[in-house]
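Note sheet for the following structure.
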Amino acid sequence: MALTTKLAILGGGPAGLTAAIYAARGQLNPIVIEGVSSGGQLMTTSEVENFPGFPDGVQGPELMENMRKQALRFGTVFVSENAHTVRLGSRPFAIVTDAQEILAETLIITTGARSRSIGIASERTLMGRGVSVCATCDGFFFRGKDVAVVGGGDAAMEEAVFLTRFAKSVTVIHRRDKFRASPIMLKRAQDNAKIKFVLDSVVEEILDGGSGKVKGVRLKNIKTGDLSELTLDGIFVAIGHEPNTSLFKGQLELTERGFIKATETATSIPGVFAAGDVQDEKYKQAITASGAGCMAALNAQWFLDEHDQPAETPADAKVVAAQSTAKESTPPTNDAGTSTSSVVPPALATSTASSP
Ligand code: NAP
């Protein structure tokens with residue numbers, strides 16, 4: 001028997017968990033299909049200093065665990081399996097994992113994006129130890145240090161300029177001598193006295209000198225084959241992002257770069273919403289993902305108010321990995337009576353929920 005629900009949330013990062021907290025408090029009994037490794041990109045982040053509410057910072061995994069507990073508290077059910085197929089042709093939408101099929105009246109997609117990586121082993125082992133994929137998140141830790149940014153697009157230029165607020169020097173390492181970055185962003189970087197460029201070069205190895213922390217890089221000039229070393233304290237990889245949208249190709253409208261096209265979280269299919277990095281090519285922050293997750297949950301609630309079809313979660317349904325954690329949760333409640341969702345008139349929702 002398929003598991004049925006008013007709302008399924010695909011993905012368990014900040015967007016998915018925030019959507020779950022709002023939807024659970026709104027009595028939607030959401031099911032979060034969080035995958036076998038939950039939590040999203042923050043699970044591989046150490047200190048998070050820019051998420052409001054944590055004056056002393058918080059570890060990424062701890063932040064995600066707290067969000068998950070908060071979602072559980074209001075009755076969210078977690079399915080710790082990967083979805084391999086999604087059918088969005090008609091409602092209820094179907095999400096299929098290896099073990100079961102989930103039929104959902106509404107769906108919030110929060111499958112995220114992953115930073116492209118250079119693809120060398122030392123990049124992985126030194127991630128969070130001087131290797132970063134987010135200058136906004138980690139730039140602060142490199143005050144007075146020498147850092148590099150890899151990439152030749154707008155993101156690399158933006159990160160390089162941003163990093164000059166903290167770093168002593170910033171070296172942009174780019175594999176060509178032509179840039180994908182827009183002229184204005186490139187000029188801003190070129191005009192900055194702290195920024196220098198190493199072109200036609202790729203990072204062959206990130207060096208730690210046995211310390212477990214970034215100490216430099218070995219570069220290869222791809223035109224001459226020459227090898228050189230650069231002493232560094234940090235390296236920021238800014239070579240683009242890949243959205244996790246393969247499940248939705250041919251079903252939902254995507255942007256040129258493969259992100260989900262969404263307007264105020266509403267996708268091209270009514271009743272399907274998207275939040276977080278999977279639909280965000282610009283901001284890509286945990287807090288903006290959480291904000292979008294909140295918007296998506298409210299939109300799903302308003303959509304259901306308009307197109308209501310009650311669906312219950314069968315008690316005997318097989319919910320893998322939910323049993324132990326569900327015991328920790330308390331039943332859904334609206335005891336505070338202050339849910340934002342409950343005070344917003346459904347009429348407001350119509351345009352948001354139904355626009356493509
Ligand atoms: P992007 O435009 O795709 O640029 C990626 C860069 O990384 C390219 O220079 C590319 O080199 C390089 N690269 C890719 N794979 C690599 C590899 N394996 N090794 C070394 N270098 C590699 O990505 P983005 O800079 O993240 O920008 C994404 C989108 O967001 C763009 O539309 C951009 O305009 C936009 N954006 C806008 C702003 C802004 O306006 N403030 C800021 C950031 C991003 P090649 O050039 O040789 O392919």
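Remember, it's 1-based here, ligands and their atoms both numbered in the order they're listed. Each residue takes its place number in the sequence, starting with 1.
- Among all non-hydrogen protein atoms, the one lying nearest atom 48 (O) of ligand 1 is Arg180 NH2, 2.6 Å.
- When hydrogens are left out, the protein atom nearest atom 41 (N) of ligand 1 is Glu158 OE2, 2.7 Å; that is the closest non-hydrogen contact.
- In this structure, Phe197 has its ring center at least 6.0 angstrom away from the ring center of His174.
- If you look at His241 next to ligand 1, there are no close heavy atoms at all, none under 4.0 Å.
- Closest to atom 19 (N) of ligand 1, if we only count protein heavy atoms, is Arg175 NH1, 3.9 Å.
- Ligand 1 is approached by Arg257 to a heavy-atom distance shorter than 4.0 Å.
- Hydrophobic clustering places Val58 together with Met67 (ILVMFWY residues linked when any side-chain heavy atoms are closer than 4.5 Å, directly or through intermediates).
- For residues 152-166, the set of pairs meeting the side-chain hydrogen bond (donor to acceptor under 3.5 Å, both in side chains) definition, not counting sequence neighbours, comprises Asp154-Ser182, Thr164-Asn192.
- Counting protein heavy atoms only, atom 36 (N) of ligand 1 is closest to Asp154 CB, 3.7 Å.
- In the candidate list Ala155, Ser115, Ala156, Ser117, Ala155 is nearest to atom 26 (O) of ligand 1, counting heavy atoms.
- Listed by atom number, the atoms of ligand 1 under 4.0 Å from Arg176 heavy atoms are 45 (P), 46 (O), 47 (O).
- Using a non-hydrogen distance threshold of 4.0 Å, Met185 registers as a contact of ligand 1.
- Between Phe166 and Phe162, the ring planes lie perpendicular to each other; the angle is over 60°, past the 30° to 60° tilted range.
- Here's the thing with Gly152: one of its N/O atoms is less than 3.5 angstrom from an N/O atom of ligand 1.
- Ranking protein heavy atoms by distance to atom 30 (O) of ligand 1, first place goes to Glu281 O, 4.0 Å.
- Ile239 CG2, 3.5 Å is the protein heavy atom nearest to atom 21 (N) of ligand 1.
- Under the rule for a ring-ring contact (aromatic ring centres under 6.0 Å, His included), Phe93 has no partner lying at least two apart in sequence or in another chain.
- Every atom of ligand 1 with a heavy atom of Gly240 under 4.0 Å away is listed here by number and element: 23 (O), 26 (O).
- One finds no salt bridge joining Arg129 and Asp208 here, because no Lys/Arg side-chain nitrogen approaches an Asp/Glu carboxylate oxygen to under 4.0 Å.
- Under the 4.5 Å side-chain heavy-atom criterion for grouping Ile, Leu, Val, Met, Phe, Trp and Tyr, Ile109 is connected to Leu247 within one hydrophobic cluster.
- Within a 6.0 Å radius of NZ in Lys145, no more than 12 heavy atoms belonging to other residues, nucleotides or ligands are found.
- Cluster annotation: Ile9 and Met295 are assigned to distinct hydrophobic clusters (Ile/Leu/Val/Met/Phe/Trp/Tyr, side-chain heavy-atom contacts under 4.5 Å, transitive).
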